[in-house]
Protein chains: 4
Amino acid sequence: MVAGMQSRITPPARTGGRPRSATADAAILEATRQGLVELGWSKLTLSDVATRAGVAKTTLYRRWAGKSELVVDAVAELFDELELPDRGSLAADIEGVVLQFALLLGRPETKTALMAVVAESTTDAPLRERIRTSIVDRQKRLVLAGRARAQERGELPAEPDPVSAARTADLIFDVIAGAVVHRALVSAEPVDTEWARRFTLLLLGGLAAAADAP
Amino acid sequence: MVAGMQSRITPPARTGGRPRSATADAAILEATRQGLVELGWSKLTLSDVATRAGVAKTTLYRRWAGKSELVVDAVAELFDELELPDRGSLAADIEGVVLQFALLLGRPETKTALMAVVAESTTDAPLRERIRTSIVDRQKRLVLAGRARAQERGELPAEPDPVSAARTADLIFDVIAGAVVHRALVSAEPVDTEWARRFTLLLLGGLAAAADAP
Amino acid sequence: MVAGMQSRITPPARTGGRPRSATADAAILEATRQGLVELGWSKLTLSDVATRAGVAKTTLYRRWAGKSELVVDAVAELFDELELPDRGSLAADIEGVVLQFALLLGRPETKTALMAVVAESTTDAPLRERIRTSIVDRQKRLVLAGRARAQERGELPAEPDPVSAARTADLIFDVIAGAVVHRALVSAEPVDTEWARRFTLLLLGGLAAAADAP
Amino acid sequence: MVAGMQSRITPPARTGGRPRSATADAAILEATRQGLVELGWSKLTLSDVATRAGVAKTTLYRRWAGKSELVVDAVAELFDELELPDRGSLAADIEGVVLQFALLLGRPETKTALMAVVAESTTDAPLRERIRTSIVDRQKRLVLAGRARAQERGELPAEPDPVSAARTADLIFDVIAGAVVHRALVSAEPVDTEWARRFTLLLLGGLAAAADAP
DNA sequence: GTGTAATCGAGACGGTACGTCCTGTCTTCCC
DNA sequence: GGGAAGACAGGACGTACCGTCTCGATTACAC
């Protein structure tokens, strides 16, 4: 994972000495996700992660600055699994990604971790940047891919202005991700096919109207 | 606050003895908000809140079960300050409430607390219910009030089916609240007039389209 | 009990209003002894005593200054039960009182309380005085009675000098009480008939030798 | 100190990891004695000891199970300082050890601690055993040494029966230690040269009489 | 092959907050 | 005014984690 590489504490220039164990990394991230599932964010302790991973606490702190950073890396891997399979129409594609995203947010490790690190990030700028880099921005690709595909199909017109295009993509992204997260975690109601259909209808209608207006 | 009354640990039926100090409650909630501003959620300690409020830790634990419950009550009071002033049109009303909500989410105590308690609530059902009762459901009134007003103005048709009406209101609520929260806290981009205008345009277009379809 | 009267906090001059409940006193002292038996000194709490006695904490604090004072009064009543039955000879009388004293020290409430209040008294002069008045000095009567009886029997000569007589009585008292307490509580060995016989032999031999010397 | 070694919580077999700080032990025991002097047993807190010793509370609890155990170790070191200098005769030796013991009991840390831990030990068997091992039994050496020296001088006959010899030594020990402790702490009267002389006279007379009898 | 140096496990360290308990005082209503 | 009930400020308890440290024991590359 590219983002993870730059978010970890890097070894000092590699002059000599024993190299860091590669398997330890994977074990730690997996142990972190396990811990999130079983304990939730607030009861997850780094000592526990270390024990689960069969690793010393030192090893853990040598690579990550703290709980938040570790958890961001651990869940970022899951978000990277999201894809945008071609379902034939823009509406179907949106419904598909909404349901896929809801499924991801339904996993206990994602659920408890995402809101927690966002909460932490409100008082921690570097962490905020890291979340954006490792998780948020990486998912905008889905919006961009969906739009490109719809334009290929002729469902959406080409964007004349690249600045406005980016701004619209950001808006769409916040609306989709925000609505799904809010429905799933805050309102704590199920994101099912019915809801996805209604939401998609709303969104597509809005897109059409927005395309007509300046 | 009605919700707060039922969310606190209640004294055992009031048989005799010294009654609970009413001023202590207000002092504790205010101290909690202060602490959130200065320390953020994760560094906020109940000992610190007690000290700030000039109250013993015992008093605090006698009334709230833990940090999460206390913070929910403390920020719920802020959410209750949201209003829906009549700006003349549905579009203006929506823009107004979006900006007002964004202003509230911009406050450091709200920002750090909201995501944190939602994160906790993913592994704590009673807390989840409490957030819903004290915060979430109470703000749906804004959506309902906005729709009613738009219907009075003739901007929206009357709802034939009450079930469908409720479902639509929920959807609108998740879309508005979700998008604003996501923009403000996750994407960490400003929710300014420009963004509010664009979002409102999208939403109104979607509403119109959704009204046409079954 | 005379000593108890003066060791308690006295009501403010008796002007009017409801008089203090007399039965409460007995209930509190009994509850204290029960608590000592079940919990030991260090785990005994005044709240617990109040609950056991069916009395409010206020009532308790209105009458005693603290745990030590209360416990001194509670166990002093037990020490007052000691007697010196006439067993026919000085040796038998001493053996009898030694065994009786050992039996008293074997009771859990006495055992745990006596050492504890003495320990407290090392940093609390009023308490020290109170222990002396309520417990220690009151038991010297046994030594004096034993000596008087032995002199009546002709086993001991009359004391020519009253000052020296008092000093000797003090010494005897410290030797008897000290040896029994040390054997029972510090060495934690049984004070049985065999030990009492050996100890009495030693003491009587010493008394005879001391009587010969100036 | 041998006794202390076995009375502390021992580290788990020393497999790896950072070894326990040796200086911390000494600092803690010294801080405990200081605390006893300044605050007395009941007001001594382990938090305070930790602070005085410049040590974390964790370190303290890692090595001792509680206040009683710590204090036993702290005062045991003082009791080990007792010696039996040769003063030329059995009477002088006894007087010497009595005065030396009284001097030790006059120290505020010893005074407040000894009775307190004995009080605790009445409801705590392991603690009782520990007091016996670390303090009580270790001082019997003084009785044995005194008797041996007196036998060398010809002041006392050799013991024919070792069982009886041990029993007599125990009796002597309880009488000496008990009388001094009772005089000093319970009666709260000074153990001065005059008292020591009178007590020694009594004891030696008793010994002679006891030696004559079976 | 032999150094050299950063790694690893283990676990003790100084701190800090936890949530509970008890103290001794107070406030309220009931007798 | 006494008494039961119980809230109050305060402070210690013993536990749990934090993030750092000190160990002795591996590695792996550079010489």
Side-chain angles (χ1 to χ4, degrees), chain A residues 11-21 24 43-48 50-51 54-67, chain B residues 11-21 24 42-48 50-51 53-63 65-67, chain C residues 11-12 14-21 24 42-51 53-67, chain D residues 11-21 24 42-48 50-51 53-63 65-67:
Chain A
R14 196 69 197 90
T15 52
R18 179 172 175 174
R20 288 188 182 165
S21 160
K43 288 179 189 162
L44 178 75
T45 71
L46 292 199
S47 303
D48 181 72
T51 307
V55 141
K57 256 198 308 176
T58 329
T59 302
L60 216 149
Y61 279 106
R62 204 176 285 123
R63 305 182 190 197
W64 284 277
K67 186 164 146 175
Chain B
R14 192 70 192 90
T15 52
R18 180 173 171 175
R20 289 194 181 162
S21 161
S42 64
K43 288 178 189 162
L44 177 75
T45 70
L46 293 197
S47 304
D48 181 71
T51 306
V55 143
K57 253 197 308 177
T58 329
T59 300
L60 217 149
Y61 279 105
R62 199 176 289 119
R63 305 183 189 199
K67 187 163 142 176
Chain C
R14 197 70 195 88
T15 52
R18 179 170 170 179
R20 288 191 181 167
S21 160
S42 62
K43 288 177 188 162
L44 177 75
T45 71
L46 293 199
S47 304
D48 181 72
V49 170
T51 306
V55 142
K57 261 198 305 177
T58 327
T59 303
L60 216 150
Y61 278 105
R62 202 175 286 124
R63 305 183 189 197
W64 284 277
K67 186 163 144 176
Chain D
R14 193 68 191 88
T15 52
R18 180 171 172 176
R20 290 193 181 163
S21 161
S42 64
K43 288 178 188 162
L44 177 75
T45 71
L46 293 199
S47 303
D48 181 72
T51 306
V55 143
K57 250 198 310 177
T58 328
T59 301
L60 217 149
Y61 280 105
R62 201 177 287 121
R63 305 184 190 198
K67 187 163 144 176

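In what follows, chains are A, B, ... by sequence order, proteins preceding strands, each numbered from 1.
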Note to self: On DNA chain F, does the nearest nucleotide to B/Gly54 precede the nearest nucleotide to C/Val55 from the 5' side, or the other way round? Give the residue.
What the structure shows: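 Nearest nucleotide further toward 5': that of C/Val55.
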Margin query: From CG of C/Leu60 over to P of F/dG2, roughly how many Å is that when rounded to an integer?
Written below: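 Interatomic distance, CG of C/Leu60 to P of F/dG2: 16 Å.
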Check: Is A/Arg63 near enough to E/dC8 that one of its side-chain N or O atoms lies under 4.0 angstrom from OP1 or OP2?
Finding: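 So the side-chain polar atoms of A/Arg63 do come within 4.0 Å of the phosphate oxygens OP1 or OP2 of E/dC8, strictly under.
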Item checked: Closest to the D/Thr59 side chain, choosing from F/dA28, E/dC8, E/dG14 ->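 The closest nucleotide is E/dG14.
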Margin query: By nearest atom, which of the nucleotides F/dG10, E/dC13, F/dG3 is closest to the D/Arg62 side chain?
Written below: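 Looking only at heavy atoms from C-beta outward on D/Arg62, the closest nucleotide is E/dC13.
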Notebook entry, point to check: So, for B/Ala24 and B/Ser21, which heavy atoms are closest and what is the spacing to 0.1 Å?
Noted result: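 Heavy-atom minimum between the residues: N-OG, 3.1 Å.
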Check: So which heavy atom on D/Ala56 is nearest to which on D/Ala50, and how close?
Finding: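 So the two residues come closest at C-CB, 4.1 Å.
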Note to self: Given D/Lys67, which partner from the list D/Thr45, D/Leu60, D/Leu46 fulfils the side-chain contact (heavy atoms from CB on, under 4.5 Å) test?
What the structure shows: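 Only one option passes, and that is D/Leu46.
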Check: Just how far is it from atom CZ of A/Arg62 to atom OG1 of A/Thr59, taken to the nearest 0.5 Å?
Finding: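 Result: 5.0 Å between the selected atoms.
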Notebook entry, point to check: How does each nucleotide of nucleotides 20-26 of chain E score, in 5' to 3' order, for protein heavy atoms under 4.0 Å: base (B), sugar-phosphate only (S), or none (-)?
Noted result: BBSBBBB
